[in-house]
Amino acid sequence: MISTAKIYGLVLSGGKSTRMGTDKGLIAYHGEPQRDYLYKLLDEVCDKTFMSIREEQQGEFAAEVNTIVDENEFRGPYNGLLSAHKKYPEVAWLVLACDLPLLDKNGLKELITQRNAERLATAYALKENPLPEPLCAIWEPQALINSISYLEQGNGSCPRKFLIKNEVELVFPADENILLNANSEEEYKSALEKIQ
């Protein structure tokens with residue numbers, strides 16, 4: 001079944017950022033909080049964009065920012081992704097984690113251009129370690145329907161493991177730096193050096 005679903009953007013900004021020690025969504029790599037920077041990028045390339053948030057974050061955003069509050073039905077990143085899917089089950093979601101400081105508009109366009117809607121998802125991966133990056137990926141509606149069953153069967157809550165076990169289109173970015181994860185103070189400093 002070929003998906004002709006619209007693509008909505010989703011910034012996962014409801015995590016607790018325990019490894020970083022500070023909210024990764026609030027780090028300003030580009031002169032503004034990373035979550036706002038990613039939201040604006042997605043808004044330029046998606047049909048509609050949303051910020052995935054915890055309930056207590058609701059007062060932190062301007063009125064024009066679309067938000068989806070986590071329903072806390074699932075653990076980890078699936079919490080935000082499936083809360084969004086329940087609100088708009090007919091769309092594909094281009095989901096981004098807040099820990100990708102080098103991701104840019106060209107990187108998003110490259111992923112969208114190579115979308116294979118016949119697969120459950122289209123995900124970025126690195127050539128030397130070709131595992132799907134679930135939080136820089138386009139999830140088709142069927143992938144999220146299947147994910148709910150997967151989680152209910154007690155398979156754990158790791159979205160990467162779900163993608164590994166299913167038919168996924170892997171995209172190897174022209175610039176692999178866009179997949180640099182910044183989850184620690186050291187990685188944060190490394191990202192800053194690359195941006196300047």
Side-chain angles (χ1 to χ4, degrees), residues 1-15 24-25 34-54 57 61 65-100 103-105 107-125 131-152 155 157-171 173 178-179 181:
M1 187 176 83
I2 296 174
S3 172
T4 54
K6 287 182 175 180
I7 299 177
Y8 281 11
L10 187 70
V11 180
L12 292 176
S13 60
K24 289 183 287 191
Q34 179 66 1
R35 65 188 186 188
D36 299 340
Y37 175 76
L38 292 175
Y39 183 94
K40 288 173 185 171
L41 283 184
L42 283 172
D43 216 32
E44 290 184 44
V45 296
C46 295
D47 295 291
K48 201 169 184 180
T49 301
F50 292 85
M51 196 79 76
S52 167
I53 63 170
R54 298 187 311 275
Q57 292 176 296
F61 298 93
V65 175
N66 300 315
T67 59
I68 294 176
V69 178
D70 291 346
E71 292 185 9
N72 297 320
E73 235 180 294
F74 303 98
R75 291 179 55 221
Y78 260 134
N79 191 19
L81 189 49
L82 291 173
S83 295
H85 170 67
K86 286 193 165 188
K87 290 257 189 243
Y88 300 94
E90 73 289 350
V91 307
W93 288 95
L94 198 176
V95 60
L96 296 180
C98 278
D99 60 4
L100 297 165
L103 185 63
D104 57 16
K105 189 175 171 182
L108 292 178
K109 283 183 173 178
E110 187 180 357
L111 186 66
I112 291 168
T113 302
Q114 296 192 53
R115 175 191 186 192
N116 182 348
E118 294 180 41
R119 299 278 173 98
L120 286 180
T122 301
Y124 266 138
L131 296 172
E133 177 49 71
L135 307 184
C136 191
I138 300 168
W139 291 70
E140 300 298 336
Q142 192 61 48
L144 297 165
I145 292 166
N146 294 2
S147 289
I148 294 170
S149 304
Y150 174 82
L151 293 169
E152 286 172 348
N155 291 301
S157 59
C158 177
R160 172 174 275 164
K161 285 182 181 165
F162 171 82
L163 292 182
I164 288 168
K165 292 178 181 181
N166 286 281
E167 286 290 311
V168 174
E169 184 76 15
L170 294 182
V171 177
I178 64 170
L179 295 183
N181 285 101

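The shown structure was predicted, so the numbers you read here are calculated from the model rather than taken from an experiment.
Contact check for Leu81 versus Pro159: no side-chain heavy atoms found under the 4.5 Å cut-off. Looking at heavy atoms from C-beta onward, Phe74 lies out of side-chain contact with Ser83 at the 4.5 angstrom threshold. You'll find the side chain of Leu100 stays beyond 4.5 Å of the side chain of Ile178, heavy atoms only. Taking 4.5 Å as the limit, every side-chain heavy atom of Leu96 sits out of range of all side-chain heavy atoms of Leu41. Between Leu111 and Tyr124, the closest side-chain pair of non-hydrogen atoms falls below 4.5 Å. Looking only at side-chain heavy atoms (C-beta outward), Leu120 and Glu140 stay at 4.5 Å or farther from each other. In this structure, Val11 and Leu42 have side chains that are in contact, with non-hydrogen atoms separated by less than 4.5 Å.
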* To do: Given side-chain contact (heavy atoms from CB on, under 4.5 Å), test Asn66 with Thr49 step by step and report yes or no.
  => CA-CA 7 Å; Asn66 300 315; Thr49 301; 5.6 Å; no

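Here the closest non-hydrogen pair linking Ala123 and Leu163 is CB-CD1, 4.4 Å. Closest approach of Pro141 to Ala5, counting heavy atoms only: CG-CB, 3.9 Å. Scanning both residues, Ser157 and Leu151, for their nearest heavy atoms gives CA-CD2, 3.7 Å.
At distances below 3.5 Å, at least one donor-acceptor pair connects side-chain atoms of Trp139 with backbone N or O atoms of Pro134. Not a single donor-acceptor pair under 3.5 Å links the side chain of Thr122 to the backbone N or O of Arg115. Between the side chain of Tyr150 and the backbone N or O of Ala143, no donor-acceptor pair lies under 3.5 Å. Checking side-chain atoms of Asn79 against main-chain N and O of Asp70 turns up no donor-acceptor pair under 3.5 Å. Side-chain atoms of Tyr78 never come within 3.5 Å of backbone atoms of Ser147 as a donor-acceptor pair (strictly under, hydrogens ignored). Not one N or O on the side chain of Asp99 forms a donor-acceptor pair closer than 3.5 Å with the backbone of Asn181. Judged purely by atom type and a 3.5 angstrom limit, Ser13 uses its side chain to pair as donor or acceptor with the backbone of Ser52.
Between the NZ atom in Lys87 and the CH2 atom in Trp93 there is a gap of 10.0 Å [rounded to 0.5 Å]. Distance check: Lys105 NZ to Asp43 CG gives 10.5 Å after rounding to the nearest 0.5 Å. Lys161 contributes atom NZ, which lies 11.5 Å from atom CG of Leu131 (distance to the nearest 0.5 angstrom). One finds the CD1 atom of Ile68 at 11.5 Å from the NE2 atom of His85 (value rounded to the nearest 0.5 Å). Separation of atoms CG (Leu179) and CG (Leu135) is listed at 11.0 Å; rounding is to 0.5 Å. Note that CE of Met51 is 10.5 Å distant from CG of Leu12, once rounded to the nearest 0.5 Å.
Judged as a side chain to side chain contact (heavy atoms under 4.5 Å, CB included), and not counting sequence neighbours, the contacts of Glu167 are Arg119. With sequence neighbours excluded, the residues forming a salt bridge (charged side-chain N to carboxylate O under 4.0 Å, His left out) with Glu73 are Lys86, listed by chain and number. Here Lys165 pairs with nothing under the salt bridge (charged side-chain N to carboxylate O under 4.0 Å, His left out) rule; sequence neighbours left out. Considering only residues two or more places apart in sequence or on other chains, Ile112 meets the side chain to side chain contact (heavy atoms under 4.5 Å, CB included) condition with Ile7, Val45, Leu94, Ile138. In this structure Arg75 satisfies the salt bridge (charged side-chain N to carboxylate O under 4.0 Å, His left out) test with no other residue, sequence neighbours excluded. Under the salt bridge (charged side-chain N to carboxylate O under 4.0 Å, His left out) criterion, Lys48 pairs with no residue, sequence neighbours left out.
The existence of a salt bridge linking Lys6 and Glu90 is excluded, since no basic side-chain nitrogen approaches an acidic carboxylate oxygen closer than 4.0 Å.
Using bins of under 30°, 30° to 60° and over 60° for the plane-to-plane angle, the ring pair Phe50/Tyr88 lands in the tilted bin.
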